[in-house]
Amino acid sequence: MSLKAVLRNTLLLLVASTLASTTAAQGQRLPGGVHPEHYSLTLTPDLQAATFTGTETIDLTLDTPSKTITLNVAEIKFLSVTSGSQTATVTLDGAKEQATFSFPKELPAGKVTLAISYTGILNDKLRGFYLSKTRARNYAVTQFEPTDARRAYPSFDEPALKATYDISLVIDAADTAISNTNLIADTPGPIAGKHTLKFATTPRMSTYLVAFLVGDFKCSSGKSDGVPIRACSTPDKLDLTKFAVESAEYILHYYNSYFGIRYPMPKLDMVALPDFEAGAMENFGCITYRETDLLVDSKTASIPAKKRVAVVVAHEMAHQWFGDMVTMQWWDNLWLNEGFATWMETKPVAKWRPEWNFPQDDAQDLDNTLNLDSQPTTRTIRAKAETPGEINEMFDGIAYGKAGAVLGMVENYLGEETFRQGVHNYLQAHLYANATAEDFWSAQTANSHQPVDKIMQSFVTKPGVPLLTLSEQQPGRVPVKQSRFFLSAPKNQHADTFESGPLDWTLPVCIKTTSKPICRVLTPEDSALPIPMDIGLPVFYANANGKGYYRTAYTPSQFNAIVAKAETSLTPPERIGLVGDRWALVRSGQGTVGDYLNLVLALKHDPNAAVLENALAKVTSIDTRIATDDDRTQLAAVLRREFSPIYTGLGQPAKNEPFDRQQLRALLFETLGAAKDPAVLAEAHQLTDRAFADPNHKDKTLDPVLTDAAIVITTANGDAALYEKVLAASKDPKDPGAQSDALRNLARFRDPALVTRTLDYAVSGQVRNQDSWIVLAALLRNRETRDQAWSYIQQNWDKVHAQFTTSSGVRVVNATGFFCTAGQRDEVISFFATHKVDASERTLSKAIDSINDCIHLQSTQQPNLHQWLEAQPK
Ligand SMILES: [Zn+2]
């Protein structure tokens, strides 16, 4: 699955912890000894009644004779279960989501066929076989990962129990259906007004990758390396599907050649669904998407909007190899799916559109991930997950971001081609089967003859982030000390909540030189990095290419030397790492907020938008988490003084100017708007008026990136008249990206009366429940609106709770982690003690940790901030 879009914006704090969960962790695995080989499924959904009927045969092999067979089901009613002439009685275990079929006589060892007929419901919770709605009609669609295939068909619903599938759908004559493989028959009947669509037999695959989608989808088509590709949507949005096809054509060819293993399915479909919980889902040959992650107007959309679609497409397509062809043995190794897809997702798009600056995005993602993983309650990449609740919690910033970053570090160390060959060998050895972490690192170690096993084992099985503390360079060496880095100050580190044991990171450290970086593997026993005397060091920087998964603390003289030459000697990803390390060290109590702000000012002329974006994001954090109201006024004055001339120097948007320059202008514009620069506010108003007067994007002189920034600024200061316009845009389904932006912009208005309207709207049922939490979380995060939002949520809990799906409640709990007072912390604890949210205990402890960290950061750094501001020229 892809959580990307969501992760970047909203889930920065969401990491499951190693704390014991209070959910019952009873074993829920199937008993074993039963091997499903083939499922034949015929489903007949009733889109009006929101129900379906199913007939199913399962061919399986029994290891030993048995009178019982146990498999997974949820929300299914059995009509009959037979094998040959025997009819089974069915015993349900609701807690385990299992059914046991008991036969009068023993079934023989070897091949057995079960024939099952049943009924189920098309639910509204965005999981299993579920109902999605537009104003025009209903759709019946699926989302099975991780444990919801059992809601659509009785199954051995574990990733290692792979089988082949024949799928048929009986649907209304005017409707169509899309599934994993190509359509091989379309016959009228079995009753008047229906037709039956039959799909080709699938390869061996896991239960959670099956998909079937029913409705009136329309598709754009393309082709790559002989594979037909389609991007599909509801009929009104067909115009928005072309860019996804174009992206997928490039990416499929890229992957065929990168992996040296051809895309295995007869076709690739990508389908945007009006209601969808995650970002996208990699069903084999039939990828499903949230509309905003697939649909974009190829002519008028901004580059960031296109980047998002291309990256999510690349992520899901990478899963066709990592996950679909080769699947993790069990959910504890989910990172073998998600870490790989995350590591891979920018690679083909960066090759396709080098001007879109993906290396900088990767560096920013790494910085965010290091912060997530520097909290005391983080978890290991591989972690125990048995119950559906625990398995759902695995889809977090560790399985995606950390695992992806560790793979990027190993690739940087081995070199791209060596790593690519190791990836090929690993995949080739496990095609249509399952694999473990050991399988991967053994393949890389055998291929490279480097200690990849030791490196990966230490990162996969040990939680947290290494900190390298360097001393002054000596002839031929730089002394270095490894320790575990915590973002919080020492007194908040809860040393008792993480595993003790020897420090055992084995990590590659790459030193920047004037030519190729020199990489050394630092073991726990090493106390220095060897540096050959004769290499050219432009500046001593211990994370060449910015790919290392560690923080670095330099000596003051080393650090000052780096800063002095940062723009000329470091690449943009390295500068992003430099800024990220500095801020992290401030948060951990090793430095002051003044040191950090001095670094930002030293880098203020950086021509790279992503470097400044990363630097200024932390200034926003200082503004919202540390500053008093007086400090905020002074900080805004500093920002105006320092950045206004740089913004003015960029001039007006010009046709065909580089993307990075557009980004830089929009970033400074937004920064100055937040700092209430009068000229920028006036310009933002003007641009906003022009944008709302031009809903069909006819005015080619409007720069889409700058216009988006203008609306962000004006909505934060907006009145009721503007609110009406944004509200109307949030209800217009024509362009899902614009609709989603409008929804986020509604949450920026600060006038209390308008905030109340937004809150009422978010829980009214008018906002899709896939999106309702986004509005609530945004209001909780915003310093100006959080008190009001929190009171409202507590007072209107029934309405709020009614909007929650599998993970949205957890996301609201997570957003309370942005509070920064002891009073609110205590309210959060007492409120959620009596108002339970499913599977949120770990998230709640993390939120409490975050609040405590903020309180500590505020109390220690606010005097420093004040002092620094007072010393600024007035
Ligand atoms: Zn994924």
Side-chain angles (χ1 to χ4, degrees), residues 1-11 14-16 126-127 142-149 159 180 205-211 244 247-248 251-252 255 259 263 268 270-273 276-290 292-294 307-328 330-349 361-362 365 369 372 381-382 385 391-408 423 427 434-435 437 440 806-807:
M1 277 191 283
S2 170
L3 306 176
K4 192 80 188 182
V6 182
L7 269 172
R8 275 233 171 87
N9 299 320
T10 328
L11 279 187
L14 179 60
V15 177
L126 315 186
R127 62 178 182 177
T142 56
Q143 166 61 38
F144 293 159
E145 193 181 23
T147 59
D148 292 316
N180 303 88
M205 56 189 275
S206 303
T207 47
Y208 76 90
L209 293 167
V210 171
S247 309
I251 294 163
L252 191 136
Y255 285 163
F259 294 124
Y263 174 76
L268 172 64
M270 305 182 288
V271 188
L273 303 179
F276 196 74
E277 174 93 336
M281 175 64 211
E282 67 266 22
N283 313 301
F284 214 176
C286 180
I287 304 172
T288 45
Y289 293 79
R290 188 177 268 250
T292 49
D293 287 332
L294 188 73
K307 281 175 78 173
R308 182 180 65 220
V309 168
V311 166
V312 177
V313 166
H315 178 104
E316 303 308 327
M317 286 176 67
H319 274 310
Q320 306 299 303
W321 284 261
F322 298 117
D324 296 5
M325 253 190 282
V326 178
T327 312
M328 77 254 137
W330 182 249
W331 300 105
D332 59 340
N333 271 319
L334 176 67
W335 72 278
L336 286 174
N337 285 6
E338 297 303 348
F340 275 90
T342 303
W343 158 75
M344 196 68 185
E345 69 191 12
T346 54
K347 211 179 243 306
V349 195
D361 290 0
D362 291 346
D365 286 347
T369 300
L372 277 178
I381 288 180
R382 177 165 62 191
I391 293 165
N392 268 301
E393 282 188 295
M394 296 294 283
F395 292 81
D396 65 6
I398 298 301
Y400 287 72
K402 182 176 185 179
V406 168
L407 292 170
V423 166
L427 290 173
N434 296 77
F440 175 70
T806 315
S807 57

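All ligand and atom numbering here is 1-based and tracks the order in the structure. Just so you know, residue 1 is the first one in the sequence shown, and it goes up from there.
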Checklist line | Sequence neighbours excluded, every pair satisfying salt bridge (charged side-chain N to carboxylate O under 4.0 Å, His left out) that has a member inside residues 318-328 | finding: none

Next item on the list: Could you label the plane-to-plane angle of the Phe340 and Phe440 rings as parallel, tilted or perpendicular, counting under 30° as parallel and over 60° as perpendicular?
Entry: perpendicular

Checklist line | Angle in degrees, rounded to 10°, that NE2 of His319 and O of Met1 form at the Zn ion (ligand 1) | finding: 160°

Item checked: Partners passing salt bridge (Lys or Arg N to Asp or Glu O under 4.0 Å) against Lys307 (at least two apart in sequence or in another chain) -> Asp361

Next item on the list: Tell me whether Glu338 has at least one N, O or S atom under 2.8 Å from the Zn ion (ligand 1).
Entry: yes

Next item on the list: Would you please classify the geometry between the Trp321 ring and the Tyr255 ring as parallel, tilted or perpendicular, with 30° and 60° separating the classes?
Entry: perpendicular

Note to self: Which atom name would you report as the N, O or S atom of His315 nearest the Zn ion (ligand 1)?
What the structure shows: NE2

Item checked: N, O or S of Met281 under 2.8 Å from the Zn ion (ligand 1) -> no

